[in-house]
Student: 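One structure coming up, written as structure tokens, with questions to follow.
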Amino acid sequence: MLQQTRVETVIPYYERFMHAVPNIEALAQLDEGRLLKLWEGLGYYSRAKSLQKAARTVVEKHGGVFPRDFDDIRRLPGIGDYTAGAIASICFGSPTPAVDGNVLRVVSRLIGCTDDIADSKVKSRFGTMLAKIYPADRTGDFTQSLMELGAIVCLPGSRAKCGLCPLAALCAANAEGTQSALPVKSGRAPRKKEQKTVFILHCGDLTAVRRRDKSALLGGLFEFPNAEGQLTVAEAAMQLARWGVQTETMSSGIRKKHIFTHIEWHRRVCAADVSIDVLPSGWVYLDESHALPTAYKVCL
DNA sequence: GTCCAGGTAA
DNA sequence: TTACCTGGAC
């Protein structure tokens with residue numbers, strides 16, 4: 001859960017999750033719909049699917065006991081270098097760093113490195129360097145101190161608190177006054193823009209939803225029926241007719257933008273009072289069991 | 001409104 | 001390299 005997500009955001013999810021799914025066997029056997037419901041709103045839903053795959057691997061390959069060896073941990077689905085390093089050093093005393101964004105910033109400044117931290121080679125180079133200086137008796141403290149230094153003291157840009165930093169005397173960036181220029185990071189590719197029309201179809205007290213394709217963005221979660229392009233009122237009416245929906249009233253639609261890392265959805269959201277004799281294949285009426293991603297919750 | 005942080009997998 | 005999500009800072 002903590003991959004890509006702040007601690008404050010995770011805590012209530014973690015509490016609920018551990019109550020509902022208290023051990024590895026329970027997770028290995030959990031229904032996917034319930035799993036996604038527990039993850040609803042947390043984002044990066046493939047993490048939940050990986051977590052369950054990892055639970056199944058632990059049950060099948062490690063006798064239900066979480067492995068202690070870095071390489072065994074690293075092979076579990078959803079666990080990369082960062083998470084494997086964090087678990088192995090914090091839980092099992094292994095000299096394996098967890099190089100997150102904070103640690104990249106701390107090390108870049110400490111050694112005055114101007115290489116682009118978007119390059120994954122930099123991350124592995126820093127990891128190799130750090131592994132050599134790990135204190136054997138306090139591996140977990142060392143991992144956490146590096147991350148905390150970045151989170152609390154070695155803040156991004158001009159917010160760096162060098163006056164409070166225990167490493168200030170050793171730090172190349174501090175000596176050279178280059179803190180705010182480090183780390184160097186290249187920009188990301190521009191996002192693709194997609195136009196869509198979303199229908200909030202009220203059938204009495206009920207609202208129609210359908211499950212998204214498992215392999216798609218937000219795979220396996222639910223969505224409101226929608227179509228490609230920002231449809232005109234006439235086109236929207238035709239789309240509803242094609243679905244076999246009888247429309248009583250329909251709003252002209254409000255424009256909403258939703259931004260993912262790599263895509264922008266420019267959407268027209270139309271609310272309609274309708275009657276539906278036979279639900280189209282795959283449609284259901286929304287209830288509390290359905291995992292609805294934030295991208296669709298905001299349409300309500 | 002815009003920008004940005006944050007790991008893994010394919 | 002690109003796909004994957006949300007929320008907080010500004």
Side-chain angles (χ1 to χ4, degrees), chain A residues 1-14 35-54 57 70 73-90 96-106 108 116-124 126-127 143 146-148 150-152 154-160 180 182-194 212-223 254-267 291-299:
Chain A
M1 285 179 177
L2 288 166
Q3 291 168 356
Q4 306 295 90
T5 308
R6 292 177 172 80
V7 175
E8 317 79 75
T9 305
V10 162
I11 288 170
Y13 282 91
Y14 175 81
L35 175 69
L36 290 174
K37 186 65 188 176
L38 286 163
W39 213 269
E40 178 184 50
L42 201 50
Y44 286 118
Y45 298 94
S46 65
R47 293 180 297 174
K49 299 166 197 169
S50 292
L51 188 66
Q52 182 170 51
K53 276 190 208 157
T57 304
F70 175 88
I73 298 169
R74 178 64 180 80
R75 276 185 222 110
L76 294 172
I79 295 188
D81 289 331
Y82 164 78
T83 306
I87 295 171
S89 63
I90 295 170
T96 48
V99 184
D100 65 0
N102 289 325
V103 176
L104 280 170
R105 187 168 59 252
V106 169
S108 293
D116 181 1
I117 60 163
D119 181 348
S120 62
K121 285 180 192 159
V122 173
K123 189 177 281 192
S124 58
F126 286 7
T143 292
L146 283 168
M147 294 196 283
E148 285 300 293
I152 295 169
C154 195
L155 296 174
S158 57
R159 294 186 292 138
S180 57
L182 294 176
V184 173
K185 188 175 182 187
S186 59
R188 72 187 74 172
R191 289 182 290 263
K192 294 182 182 86
K193 292 174 172 53
E194 296 182 1
R212 292 177 62 81
D213 188 276
K214 275 180 84 79
S215 61
L217 173 72
L218 302 170
L221 283 88
F222 285 81
E223 66 177 5
I254 56 170
R255 299 164 67 86
K256 287 237 178 227
K257 179 156 77 165
H258 191 85
I259 301 179
F260 299 97
T261 312
H262 55 306
I263 299 173
E264 291 181 19
W265 278 353
H266 294 256
R267 299 187 292 184
L292 198 65
T294 302
Y296 280 96
K297 282 211 160 140
V298 298
C299 295

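Hydrogens, waters and symmetry mates play no part in the numbers below; they use all other heavy atoms, side chains included. Each chain gets a letter, A, B and so on, in the order the sequences are listed, and its residues count up from 1.
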Student: dA9(C) P sits how many Å from Arg159(A) CZ, rounded?
Tutor: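 About 9 Å, once rounded to whole Å.
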Student: Indicate, with a heavy-atom threshold strictly under 4.0 Å, whether Tyr82(A) touches base, sugar-phosphate, or nothing.
Tutor: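 Sugar-phosphate, no base atom in range.
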Student: State, to 0.1 Å, how close Ile73(A) and Ile79(A) come at their nearest heavy-atom pair, and which atoms those are.
Tutor: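 Smallest heavy-atom distance, with atoms named: O-CG2, 3.5 Å.
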Student: Please give me the minimum heavy-atom distance between Gly150(A) and Leu155(A), naming the atom from each residue.
Tutor: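 It is O-CD2, 3.9 Å.
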Student: Taking only N and O in the side chain of Gln3(A), is any of them less than 4.0 Å away from OP1 or OP2 of dG6(B)?
Tutor: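 Checking dG6(B) against Gln3(A), no side-chain N or O comes under 4.0 Å of OP1 or OP2.
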Student: Give the rounded distance in Å between these two atoms: CD1 of Ile79(A) and P of dA10(B).
Tutor: 14 Å
Student: Closest nucleotide of DNA chain B for Ser46(A) versus for Lys257(A): which of these residues is on the 5' side?
Tutor: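 The answer here is Lys257(A).
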Student: Base, sugar-phosphate, or nothing: which does Pro293(A) touch, judged by heavy atoms less than 4.0 Å apart?
Tutor: sugar-phosphate
Student: Which part of the nucleic acid, if any, lies within reach of Gln4(A) when heavy atoms closer than 4.0 Å are counted: base, sugar-phosphate only, or nothing?
Tutor: base
Student: So, does His262(A) get its side chain near the phosphate of dC4(C), meaning an N or O under 4.0 Å from OP1 or OP2?
Tutor: yes
Student: Just checking Lys192(A): base, sugar-phosphate only, or nothing, at a heavy-atom cut-off of under 4.0 Å?
Tutor: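 Sugar-phosphate, no base atom in range.
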Student: To the nearest Å, give me how far apart CZ (Phe260(A)) and P (dT2(B)) are.
Tutor: 16 Å
Student: Take the protein atom CG of Asn102(A) and the nucleotide atom C1' of dC4(B), then report the distance between them rounded to whole Å.
Tutor: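 Rounded to whole Å, this separation is 13 Å.
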Student: Assign Ile259(A) to base, sugar-phosphate, or nothing according to its heavy-atom contacts below 4.0 angstrom with the strands shown.
Tutor: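 Since a base atom lies under 4.0 Å of Ile259(A), the category is base.
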Student: What is the distance, rounded to the nearest whole Å, between atom CE of Met147(A) and atom P of dG6(B)?
Tutor: 12 Å
Student: Of all the choices, dT2(B), dG7(C), dC4(C), which nucleotide is nearest to the side chain of Thr294(A) once you look at every atom?
Tutor: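 Side chain of Thr294(A) sits closest to dG7(C).
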Student: Of Ala118(A) and Gly219(A), whose nearest nucleotide on DNA chain C comes first from the 5' end?
Tutor: Ala118(A)
Student: In this structure, how many angstroms lie between the C1' atom of dA5(B) and the CD1 atom of Ile117(A), rounded?
Tutor: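 Ile117(A) atom CD1 is separated from dA5(B) atom C1' by 10 Å.
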Student: Would you indicate what Gly41(A) reaches in the nucleic acid, counting non-hydrogen atoms under 4.0 angstrom: base, sugar-phosphate, or nothing?
Tutor: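 Sugar-phosphate contact only.
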Student: Could you go through the side chain to side chain donor-acceptor pair (under 3.5 Å) check for Arg159(A) and Ser180(A) one step at a time?
Tutor: CA-CA 8 Å; Arg159(A) 294 186 292 138; Ser180(A) 57; over 6 Å; no
Student: Counting N and O atoms only, with roles assigned by atom type, does the side chain of Arg255(A) sit under 3.5 Å from a partner on the main chain of His266(A), one being a donor and the other an acceptor?
Tutor: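 Absent.
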Student: Round to the nearest Å and state the distance from Leu36(A) atom CG to dC4(C) atom P.
Tutor: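 One finds 15 Å between P of dC4(C) and CG of Leu36(A), rounded.
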Student: Stepwise, does the side-chain contact (heavy atoms from CB on, under 4.5 Å) test hold for Leu217(A) with Arg212(A)?
Tutor: CA-CA 8 Å; Leu217(A) 173 72; Arg212(A) 292 177 62 81; 3.8 Å; yes
Student: Within this structure, what is the CD-to-P distance between Glu8(A) and dT6(C), rounded to whole angstrom?
Tutor: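 My rounded result for the distance is 18 Å.
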Student: Tell me whether the side-chain N/O atoms of Tyr45(A) come closer than 4.0 Å to OP1 or OP2 in dT6(C).
Tutor: yes
Student: With a 4.0 Å limit, can you tell me whether Lys49(A) has a side-chain N or O closer than that to the phosphate oxygens OP1/OP2 of dA9(B)?
Tutor: no
Student: When you match Lys53(A) and Thr5(A) each to their closest nucleotide on DNA chain B, which lands nearer the 5' end?
Tutor: Thr5(A)
Student: If you take the centroid of each ring, where Trp contributes its six-membered ring, are Tyr44(A) and Trp39(A) closer together than 6.0 Å?
Tutor: no
Student: Looking at every strand, decide which applies to Thr83(A) at a 4.0 Å heavy-atom threshold: base, sugar-phosphate, or nothing.
Tutor: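 The answer is sugar-phosphate, as Thr83(A) gets under 4.0 Å only of primed atoms, P, OP1 or OP2.
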